Undergrad: 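Below you'll find the structure I mean.
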Amino acid sequence: MASVTELSLEHLPLESQELADNPLPYFEAARAKHPWLAASNLGWVITKYQAMKDILQRDEDLSFPGDATVEIMHAKDTGWGQFTTDMMLSRDEPAHGRLRGSVAEAFTPRAVNRMRELMRKTVSALLDEWAPKGGFEFTEFASRFPVRVMFGLIGADPSVVDDVKDSLEIHGGSYGMDPTRMPIIEAAYQHLWGFVDGLIKERGPNGGHDDLLDDLIAANTNGGLTDVELRQMLIFLFGAGYDTSKNQLTLMTHSLLARPDLWARCAEDRPYCDKVVEEGFRYRSPSNTYRSILRDFEYRGVEFPAGGMLIFPLTQAGRDPESFPNPETFDPDRKQSDRHLAFGRGMHLCLGQFLARANLEEGLHLIAQRIQRPKLAGEVTWRPFPGTWGIKTLPITFEPGPRRTEDTSASVAAE
Ligand code: HEM
């Protein structure tokens, strides 16, 4: 048995733009030195699919490092710092279960399927405005779609999305561990707080809307959520529903620019979009996550001491050749694309996974109809690797396609 501190490991420059631009060669080099571990300035990095999957499930030994993040960001007395310590992802049982239980009903596959019509209407309305342009910055378009559906799910008016989009964007990048950004992160957080506070006050305690906001306000009235937790929960859900989904839609579109055959098929074949979306998650995804080690533990003959930090680059897990043959080939017919780790593992497994998938499945079909033969029209630039990774700019040109009459009708059964 060896302590992780004694191993000779490749050092991964996770904060460097070169790694963010093209991470795969760095991970290959790391695996050549040690089969599943590397070092970095942020902590030990798990570099293999199977090890990420196994270790991430050790909820009793690990915890999302809310407190450590606040320390790194020098954010102890800020609203964002309080949020980062208190949010569902940072909590262990029983607080985690109480918070997750207060919203879980809204995110079941059944609840999400009832929203598919809203997804189709939302993306069609956006495409009416954007498709005639013949070219645009794709991230700008993507930043308007899943978040509108999220607003609809919670019970907020989607027309106010533009007022908070910039703050959601900053909030989404806040786990990049760059303390120099703290003043703008805190300002964005305060803006979001004011926004959700307004929503709650405007709605009032009487209910009657039969949506998630009513349920959360009722949980607050019944003592299940404090006033602060209610507001933090709304900020967490808006944030979780914004940045990851927008990034995944952009990553998937970027992958498909190289596969015009698949893009054209997605426009005609709605069920095929489900396979493309799942393979898209395997091929590239947006969330890298962290854990602090609560108790000493051992994995495959390596001892990890309490107090250390682990990094799980989930975004790269699907490219591990030992778990996915020919991982560089984007193949929607591949068996078991859905073994990917894009949504994590263990007790914090993404609550919004069915919503995220449904948005992409419905969205891709309609986007491919209206944005025909898309081509890259400029430079692709990448977000920092730690936290939510993804594409910063994806300029495209395309041939506008007409709105089809069945756009908002049930091309897929709602239940
Ligand atoms: C492409 C889209 C998405 C991806 C890739 C994604 C990824 C993830 C990952 C990897 C985790 C686990 C993090 C960890 O264990 O450290 C997570 C947690 C979570 N996600 Fe998502 N997510 C997506 C969309 C959404 C959406 C649309 C929502 C809806 C609000 C959402 C809500 C949540 C929540 C509430 C948690 C925390 C669960 C808990 O602590 O129990 N996610 N997500």
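Along the sequence shown, residues carry numbers from 1. Read the numbers this way: they start at 1 and go in the same order the structure lists the ligands and their atoms. Just so it is clear, the model here is predicted, and its values are computed rather than measured.
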Undergrad: State, without any angle test, whether Asn359 and Ser245 hold a side-chain donor-acceptor pair at a distance under 3.5 Å.
TA: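 Note: Asn359 and Ser245 side chains miss the donor-acceptor criterion.
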Undergrad: With atoms numbered from 1 as shown, which atoms in ligand 1 lie under 4.0 angstrom from a non-hydrogen atom of Ser287?
TA: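 By the 4.0 Å cutoff, the relevant atoms are 7 (C), 10 (C).
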Undergrad: Over all heavy atoms of both residues, which pair between Arg345 and Tyr49 is shortest? Give the atoms and the distance, please.
TA: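 The answer is NH2-OH, 4.4 Å.
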Undergrad: Is Leu314 touching ligand 1 with its side chain, its backbone, both, or neither, if touching means heavy atoms under 4.0 Å apart?
TA: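 Looking at Leu314 and ligand 1, just side chain atoms fall under 4.0 Å.
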Undergrad: Can you confirm whether the side chains of Gln17 and Asp21 place a donor and an acceptor under 3.5 Å from each other?
TA: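 Yes - a donor-acceptor pair under 3.5 Å links their side chains.
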Undergrad: Report the member of Leu212, Leu153, Leu351 with the shortest heavy-atom distance to atom 36 (C) of ligand 1.
TA: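 Closest candidate by heavy-atom distance is Leu351.
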Undergrad: Kindly confirm or rule out an N or O of Gln248 lying under 3.5 angstrom from an N or O of ligand 1.
TA: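 Min N/O separation from ligand 1 is not below 3.5 Å for Gln248.
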Undergrad: Would Ser245 count as a contact residue for ligand 1, given that I'm defining contact as a non-hydrogen atom of the residue lying under 4.0 Å from a ligand atom?
TA: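 Yes.
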Undergrad: Considering only the protein, which heavy-atom contact is closest to atom 11 (C) of ligand 1, and what is its distance?
TA: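 Of the protein heavy atoms, Phe343 O, 3.8 Å lies nearest.
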Undergrad: Would you say the side chains of Thr393 and Thr381 form a donor-acceptor pair under 3.5 Å?
TA: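 Yes, side-chain donor-acceptor contact under 3.5 Å.
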Undergrad: Quick one: look up the protein heavy atom nearest atom 38 (C) of ligand 1 and list residue, atom name and how far away it is.
TA: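 Result: Arg100 NH1, 3.3 Å.
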Undergrad: Could you list which atoms of ligand 1 come closer than 4.0 Å to a heavy atom of Leu237?
TA: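 With Leu237 as reference, the close atoms of ligand 1 come out as 30 (C).
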Undergrad: Within the 3.5 Å criterion, strictly below it, is a donor on Arg100 or His348 matched to an acceptor on the partner's side chain?
TA: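 Checked: Arg100/His348 side chains show no N/O donor-acceptor pair below 3.5 Å.
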Undergrad: Looking at ligand 1, does Met87 have a heavy atom less than 4.0 Å from it?
TA: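 No, Met87 has no heavy atom closer than 4.0 Å to ligand 1.
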Undergrad: Under 3.5 Å, is there a donor-acceptor pair linking the side chains of Asp166 and His191?
TA: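 Side chains of Asp166 and His191: no pair found under 3.5 Å.
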Undergrad: Going by the order shown, which atoms of ligand 1 are within less than 4.0 Å of some heavy atom of Ala356?
TA: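 Within the 4.0 Å cut-off of Ala356, ligand 1 contributes 2 (C), 24 (C).
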Undergrad: Have a look at Thr315, Val277, Thr289 and point out the one with the heavy atom closest to atom 16 (O) of ligand 1.
TA: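 When every heavy atom of Thr315, Val277, Thr289 is considered, Thr289 comes closest to atom 16 (O) of ligand 1.
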Undergrad: For Tyr290, is at least one N or O under 3.5 Å away from an N or O on ligand 1?
TA: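 Not met; the criterion fails.
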Undergrad: Run down the list Ala240, Gly346, Cys350, Ala358 and name the one with the heavy atom closest to atom 20 (N) of ligand 1.
TA: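 The residue whose heavy atom sits nearest atom 20 (N) of ligand 1 is Cys350.
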Undergrad: Show, in sequence, the C-alpha distance, side-chain angles and deciding distance for Trp36 and Tyr299, and conclude whether the ring-ring contact (aromatic ring centres under 6.0 Å, His included) test is met.
TA: CA-CA 11 Å; Trp36 54 273; Tyr299 179 74; 5.0 Å; yes
Undergrad: For atom 24 (C) of ligand 1, what's the nearest protein heavy atom and its distance?
TA: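 Scanning the protein heavy atoms, the shortest distance from atom 24 (C) of ligand 1 goes to Thr244 OG1, 3.3 Å.
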Undergrad: Please list, in number order, the atoms of ligand 1 under 4.0 Å from a heavy atom of Ala342.
TA: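 Answer, ordered by atom number: 5 (C), 7 (C), 10 (C).
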Undergrad: So which heavy atom in the protein is nearest atom 13 (C) of ligand 1, and how far is it from that ligand atom?
TA: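 Of the protein heavy atoms, Leu89 CD1, 3.8 Å lies nearest.
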Undergrad: Is it the case that over 12 heavy atoms from other parts of the model lie below 6.0 angstrom from the CD atom of Glu328?
TA: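 Yes, enclosed.
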Undergrad: Under 4.0 Å from a heavy atom of Pro286: give me the atoms of ligand 1 that qualify, with their elements.
TA: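 In order of number, 5 (C).
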Undergrad: Measure the distance from atom 30 (C) of ligand 1 to every protein heavy atom, then report the residue, atom name and distance (to 0.1 Å) of the closest one.
TA: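 Atom 30 (C) of ligand 1 sits closest to the protein heavy atom Met150 CE, 3.5 Å.
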Undergrad: Quick check on contacts: which atoms of ligand 1 are under 4.0 angstrom from a heavy atom of Met347?
TA: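 Contacts of ligand 1 toward Met347, numbered from 1: 41 (O).
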Undergrad: Give the atoms of ligand 1, by number and element, whose distance to some non-hydrogen atom of Phe281 is under 4.0 Å.
TA: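 By the 4.0 Å cutoff, the relevant atoms are 1 (C).
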Undergrad: Is the closest heavy-atom distance from Gln353 to ligand 1 below 4.0 Å?
TA: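 Gln353 does not count as a contact of ligand 1 under the 4.0 Å cut-off.
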Undergrad: Hey, is Arg291 one of the residues with a heavy atom under 4.0 angstrom from ligand 1?
TA: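 It does, in that a heavy atom of Arg291 comes within the 4.0 Å cut-off of ligand 1.
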Undergrad: Mark up the atoms of ligand 1 that fall under 4.0 Å of a heavy atom belonging to His96, in ascending order.
TA: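 In order of numbering, the contacting atoms are 39 (C), 40 (O), 41 (O).
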Undergrad: For the pair Phe83 and His171, evaluate ring-ring contact (aromatic ring centres under 6.0 Å, His included) and give the outcome as yes or no after the intermediate values.
TA: CA-CA 11 Å; Phe83 167 84; His171 185 65; 5.2 Å; yes
Undergrad: Taking atom types as modelled, find out whether Glu169 and Tyr242 have a side-chain donor-acceptor pair closer than 3.5 angstrom.
TA: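 Yes, Tyr242 and Glu169 have a side-chain donor paired with an acceptor closer than 3.5 Å.
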Undergrad: Any donor-acceptor pair under 3.5 Å linking the side-chain atoms of Thr5 with those of Ser3?
TA: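 On atom types as modelled, these side chains qualify, holding a pair under 3.5 Å.
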Undergrad: So, Glu278 versus His340: side-chain donor-acceptor pair below 3.5 Å or not?
TA: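 Short answer, yes.
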Undergrad: Ignoring hydrogens and geometry beyond distance, is a side-chain donor-acceptor pair present between His365 and Gln369 at under 3.5 Å?
TA: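 Side-chain D/A pair, His365 to Gln369: present.
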Undergrad: What protein heavy atom sits nearest atom 40 (O) of ligand 1, and how far off is it?
TA: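 Nearest protein contact, heavy atoms only, for atom 40 (O) of ligand 1 is His348 ND1, 2.7 Å.
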Undergrad: To which protein heavy atom is atom 27 (C) of ligand 1 closest, and what is the distance rounded to 0.1 Å?
TA: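 Answer for atom 27 (C) of ligand 1: Gly241 CA, 3.6 Å.
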Undergrad: Taking a cutoff of less than 4.0 Å between a non-hydrogen atom of the residue and any ligand atom, is Phe236 in contact with ligand 1?
TA: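 Within the 4.0 Å threshold, so yes.
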Undergrad: Classify the side-chain pair Asn113/Arg116 by whether it contains a donor and acceptor separated by less than 3.5 Å.
TA: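 Asn113 vs Arg116: donor-acceptor pair found between side chains.
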Undergrad: Is the NZ or CZ atom of Arg319 positioned over Tyr283's six-membered ring, under 6.0 angstrom from the centre and within 45° of the axis?
TA: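 Yes, a cation-pi geometry holds between Arg319 and Tyr283.
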